[in-house]
Amino acid sequence: MADLNRPLLISTSNNGGDDENGRSKYSKVWVETQQLWAIVGPTIFARVANYSMNVITQVFAGHLGDVQLASISIANTVIVGFNFGLLLGMASALETLCGQAYGAKKYHMLGIYLQRSWIVLFFCCFLLLPFYVYAAPVLKWLGQDDEVAEESGLVAIWLIPLHFSFAFQFPLQTFLQCQQKTLVIAWVSLAGLILNVVSSWVLIYEWELGVIGAAIALDLSWWVLGFGLYFYTVGGWCPLTWTGFSIQAFHGLWEFLKLSAAAGLMLCLENWYFRILVLMTGNLENATIAVDALSVCMSINGWEMMIPMAFFAGVGVRVANELGAGNGKAAKFATIVSVAESTGIGIVICAIIMIFHGKIALIFTSSSRVVEAVDTLSNLLAITILLNSVQPVLSGVAVGSGWQSWVAYINIGCYYIIGLPLGFIMEWVFHSGVSGIWAGMLYGGTALQTIILIIITIRTDWEKEAEKAQMHVERWSSPKKDEKYLLS
């Protein structure tokens, strides 16, 4: 393992062609790829391991029965997923702040921003508690089957500790990613995954606690992740960026909250979009099978989504580091390499889904009706995976550059003004079922948003963005000014 106390930032400026040392474009791509994958590689493993804990829980529950599968799917996909997206997005504000400060060598500010993020996210966790406490009546009001809604509400109550673990872990993960200390995240995630498998088996089958046991296993596993990263951070392995708790963390919380809210809105609007898809499906005829099939597809999509989300984190760090260091061309080059490599991976996975379309559901359930329903949705799943190999990477560029507010507006327009109404029309006007709802929301929302982000990224003046970043870093690094000028 490399020296984890040493800053790892290596600039890749002057990426327009051969530089003064005669490096070709191919060698520059290789250098950038190494730097990118130093973040992306461990992050993919960590995110896949983290998401696999949710999938493993769903797999265990799926073999208890159709109602149990539907209840744990809705609790995980809708209730937890609703808050997961918001809190993860709010924590991603640290990618802008910590990434650019790290690139500018203002290391002491990273610990301050981490503490501010904890304060803001835990506060928001308390505000979001009603979604868990009143999950059952809300799901009934939204048209879910009574039995499934009651079971989902019970699971949601037991997942409250999981909810608070997000506020603790997500800022720590982002804090370490911005320093390219990602190997520790991968090792801790492996420990959490192993614990999840063992505890799920013991609690569900040995102790026969059913879906409650599945919820407890998730709670335990996610808190292990959080404490593992915390002890690494405060245990002396981050001497430049963690200098202890500081009263300065309580300064400028309102401005920090606004930036975090913009980042949270940017990410969660997309996250909520697919939760709404599951809820809309719950109002169809034969809703249990439809929800089960769509939940299986969303689980596979979410599992694969951990790869582009790792690129989201990687390119966010790379762009923020280079902009903070004043290297606009290097930030642009990092963007190009990230989008190209993520898209290539997406094409391969899309092909795999198309080839094994009739068998992928067997991982989650033995129900022949659910397997058949998933088969009919496999084409849409493959297209979704392909689009998602591009869109999150461009969102990561936005985070690294500090464009969260603009992307939030784009998400509102694409997903909720165009995509969601189109999904309603496809079902309640053309009666096209879950396939029509998904297709309308996919093409009206995700595809349109991806095109807009591509245009914005192509038209960006990266040298100007680098100048803005350096100006912001100088303001943020002053204890008296950083709260006043956060992305002003």
Side-chain angles (χ1 to χ4, degrees), residues 1-8 39 42-43 45-47 49-51 53-54 80 83-84 86-95 97-99 101-102 107-126 128 159-196 199 216-250 253 256 260 263-264 310 313 317:
M1 184 181 296
D3 182 0
L4 298 179
N5 296 329
R6 179 173 54 86
L8 297 176
I39 305 169
T43 304
F45 179 85
R47 289 185 181 272
N50 294 351
Y51 190 80
M53 295 192 299
N54 295 338
V80 174
N83 298 316
F84 179 96
L86 178 61
L87 295 171
L88 180 62
M90 293 183 72
S92 73
L94 287 180
E95 290 188 23
L97 299 172
C98 291
Y102 189 77
Y107 302 123
H108 69 286
M109 291 305 301
L110 274 71
I112 302 299
Y113 293 141
L114 170 63
Q115 294 168 58
R116 288 182 186 173
S117 188
W118 276 335
I119 295 169
V120 168
L121 264 65
F122 272 108
F123 172 73
C124 289
C125 275
F126 282 101
L128 293 169
L159 288 176
I160 289 176
L162 172 68
H163 168 61
F164 280 95
S165 75
F166 296 154
F168 187 58
Q169 183 205 345
F170 290 160
L172 281 164
Q173 198 169 48
T174 306
F175 168 81
L176 293 170
Q177 284 172 349
C178 289
Q179 304 168 65
Q180 302 184 28
K181 295 177 182 288
T182 50
L183 284 176
V184 64
I185 300 174
W187 283 112
V188 170
S189 298
L190 177 60
L193 178 61
I194 294 171
L195 174 63
N196 181 253
S199 60
I216 295 173
L218 276 177
D219 295 338
L220 292 173
S221 304
W222 278 87
W223 272 104
V224 164
L225 298 180
F227 280 119
L229 298 180
Y230 173 77
F231 288 130
Y232 177 87
T233 297
V234 303
W237 287 278
C238 300
L240 295 176
T241 54
W242 178 263
T243 55
F245 291 98
S246 171
I247 194 67
Q248 190 180 344
F250 291 92
L253 284 176
F256 195 92
S260 296
V317 171

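In what follows, residues are counted from 1 in the order of the sequence shown. Please read these numbers as outputs of a predicted model, since none were measured by experiment.
Other residues, nucleotides and ligands contribute only 12 or fewer heavy atoms inside 6.0 Å of the CZ atom of F250.
Contact detail for P42 and L183: the closest heavy-atom pair is CG-CD2, 3.9 Å. Looking at every heavy atom in both residues, I185 comes nearest to L176 through CD1-CB, 4.0 Å. E95 approaches C178 most closely through the heavy-atom pair CA-SG, 3.8 Å. Closest of all the heavy-atom pairs between L88 and R47 is CD2-NH1, 4.3 Å. Annotation for A49 and L193: closest pair O-CD1, 3.7 Å, computed over non-hydrogen atoms. C125 and H163 get closest at one heavy-atom pair: O-NE2, 2.9 Å.
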If you look only at distance, which donor and acceptor atoms sit under 3.5 Å apart when one is on a side chain in residues 219-228 and the other is two or more places apart or in another chain?
| residue | atom | partner | partner atom | Å |
| --- | --- | --- | --- | --- |
| D219 | OD1 | L162 | N | 3.1 |
| S221 | OG | N196 | N | 3.4 |
| S221 | OG | N196 | ND2 | 3.4 |
| S221 | OG | A217 | O | 2.8 |
| W223 | NE1 | P161 | O | 2.8 |

Query raised in the report: L114 and W242: side-chain contact (heavy atoms from CB on, under 4.5 Å), yes or no, with the steps?
Result: CA-CA 9 Å; L114 170 63; W242 178 263; 3.8 Å; yes
Query - Worked check of side-chain contact (heavy atoms from CB on, under 4.5 Å) between F256 and L97 - result: CA-CA 10 Å; F256 195 92; L97 299 172; 3.2 Å; yes
Report task. Go through L253 and F123 one step at a time and tell me if the side-chain contact (heavy atoms from CB on, under 4.5 Å) criterion holds. Result -> CA-CA 11 Å; L253 284 176; F123 172 73; over 6 Å; no
Requested in this report: Would you please test L229 and F168 for side-chain contact (heavy atoms from CB on, under 4.5 Å) and show each step?
Outcome: CA-CA 10 Å; L229 298 180; F168 187 58; over 6 Å; no
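Between the CD atom of Q173 and the OG1 atom of T233 there is a distance of 11.0 Å, given to the nearest 0.5 Å. Put simply, CE on M53 and OG on S199 are 9.5 Å apart, with the number rounded to the nearest 0.5 Å. Remark: W118 CH2 to F245 CZ distance equals 5.0 Å, nearest 0.5 Å. How far CZ of F164 is from CG of L128: 9.0 Å, rounded to the nearest 0.5 Å.
The shortest distance between side-chain heavy atoms of F175 and S117 does not fall below 4.5 Å. Side-chain contact between C238 and Y232 is present, with at least one heavy-atom pair separated by less than 4.5 Å. Side-chain contact between I112 and S246 is present, with at least one heavy-atom pair separated by less than 4.5 Å. A heavy-atom distance below 4.5 Å is not found between the side chains of C124 and L86. Contact of the L240 side chain with the Q179 side chain is not registered, since no non-hydrogen atoms from C-beta on lie closer than 4.5 Å.
Between F166 and F170, the ring-plane angle classifies as parallel under the 30° and 60° cut-offs.
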